[in-house]
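As the structure lists them, so they are numbered: ligands from 1, and atoms in each ligand from 1.
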Amino acid sequence: MQIRHKLVEVLSDGQFHSGQALGDALGVSRMAVWKHIRYLRESGIAMDSVKGKGYRLHAPIEMLDADRIVAGLPNRARNRVNSIDVLQEVDSTNTWLRSKALTGAPTGTVCLAEVQHAGRGRRNRQWVSPYAANLYLSILHRTNEGTAGLGGLSLAAGVAVIRSFEAMQIEDIGLKWPNDVMVKGKKLSGILIEVVGESSGPCAVIIGIGINVNMSGLSTESPASSIDQPWTDLVSVCAGKMVSRNQLAAGLIDQVLSALTAFEAQGPQSFLDEWKQYDLLAGKQVDLHLTGNVVSGKACGIDVAGALLIETARGLERFTSGDVSVRLST
Ligand code: BTN
């Protein structure tokens, strides 16, 4: 186990621990402890340090644990999972899984990380990924349908993520095209689908999902302060209730793998109606920002390939990429 991981485990009791006691428990010097504490703070973990008492976490932390995730999976999902890797740190779980896919990793390979140093969102945006606060998860799916069917697969992924929140009874939850999970106008979760392979034929799809779980315990040095759009987290939308990241991961993996199985058997049509029930844009006046161009009109839902339909001055048009914003009524 990494020293940093062990350090968080010792601190997770919420009590004060002196630098000396931590050094003894971890078998390192006080200076090394101090450096790890500095790293954790810079990664977003809020910590008190009081002279004569030592260090204490602001809020308890449940570390990700592959055994606990597997224990939380229903049997149907255990049969579909190939392996689950919990990484302490990584550039991006999608990048990590992509390189596994290139060396032959099978469908159902899953990875999660406590922190991502280069987490990625759509359109080359950064996905802010502070340490031990959220869920950063990627799932590998192999298909023979080629890259052409990926829009439909995105529908399945969006529905799967929404289903994984169902038991939490979150009010005003919905999907903003292409696949942002929003609660009361703030982003809770995002999905990044990437592909390695051929346009028609075998390919490996990497479905990366980021869920904001508990950003409240983050330090002021946390990278969360740099997120450039309204965001929320599960703890806020669940009235401060503690959310187990291991349980959440198990539910999410189960829903995604079930959706992928249904997608392979029945295609994207089986997800369209459910996606539409959560469509936050349908009927609204929107601006779609494309590279160097903005298209305005009324959002008219999505089609079975996951494209956004907009009624513009030219008629009904379909779009497969872009950033959409709702027009404020004047
Ligand atoms: C978006 O809304 O723009 C998509 C965000 C996707 C973030 C997840 S976190 C796990 C996986 N690894 C990444 O680097 N990105 C995705």
> Using a 4.0 Å heavy-atom cut-off, say whether I191 meets ligand 1 through its side chain, its backbone, both or neither.
backbone
> Establish, from distance only, whether the side-chain atoms of D287 and S325 form a donor-acceptor pair under 3.5 Å.
no
> As an exercise, identify every atom of ligand 1 less than 4.0 angstrom from a heavy atom of L137.
10 (C)
> Considering only non-hydrogen protein atoms, determine which one is nearest to atom 5 (C) of ligand 1 and report residue, atom name and distance to 0.1 Å.
W127 CE3, 3.4 Å
> Against heavy atoms of D180, which atoms of ligand 1 measure under 4.0 Å?
2 (O)
> Among all residues two or more places apart in sequence or in another chain, which pass the side chain to side chain donor-acceptor pair (under 3.5 Å) test with S12?
none
> Kindly assign one of parallel, tilted or perpendicular to the pair Y39 and H117, based on the angle between their ring planes and the thresholds 30° and 60°.
perpendicular
> Does a side-chain heavy-atom distance below 4.5 Å link V81 with L257?
yes
> Under the rule for salt bridge (Lys or Arg N to Asp or Glu O under 4.0 Å), what residues qualify as partners of D91, not counting sequence neighbours?
none
> Closer than 4.0 Å to some heavy atom of G119 - which atoms of ligand 1 meet that?
14 (O)
> Hey, are the side chains of L22 and V28 touching, using non-hydrogen atoms and a 4.5 Å cut-off?
no
> Judging by distance only, is a nitrogen or oxygen of K187 under 3.5 angstrom from one on ligand 1?
yes
> Using a 4.0 Å heavy-atom cut-off, which part of N179 comes near ligand 1: side chain, backbone, both, or neither?
neither
> Could you list which atoms of ligand 1 come closer than 4.0 Å to a heavy atom of S138?
11 (C)
> Grab the two heavy atoms, one from S129 and one from Y136, that are nearest each other, plus how far apart they are.
C-OH, 2.9 Å
> Which is it for S129 and ligand 1 at heavy atoms under 4.0 Å: side chain, backbone, both or neither?
neither
> Determine, for R125 against D323, whether the closest basic-nitrogen to carboxylate-oxygen distance falls under 4.0 angstrom.
yes
> Hey, which atoms in ligand 1 end up nearer than 4.0 Å to a heavy atom of G121?
1 (C), 3 (O), 4 (C), 5 (C)
> Please report which non-hydrogen protein atom sits nearest to atom 9 (S) of ligand 1, along with the residue it belongs to and the distance in Å to one decimal place.
Q116 NE2, 3.5 Å
> Is R245 paired with E114 through a side-chain N to carboxylate O contact shorter than 4.0 Å?
yes
> If you measure every N or O of R120 against every N or O of ligand 1, does any of those distances drop under 3.5 Å?
yes
> Starting from atom 3 (O) of ligand 1, find the nearest protein heavy-atom neighbour and note its residue, name and distance.
R122 N, 2.7 Å
> Which heavy atom of the protein is the closest neighbour of atom 10 (C) of ligand 1, given with residue, atom name and distance?
T93 OG1, 3.2 Å
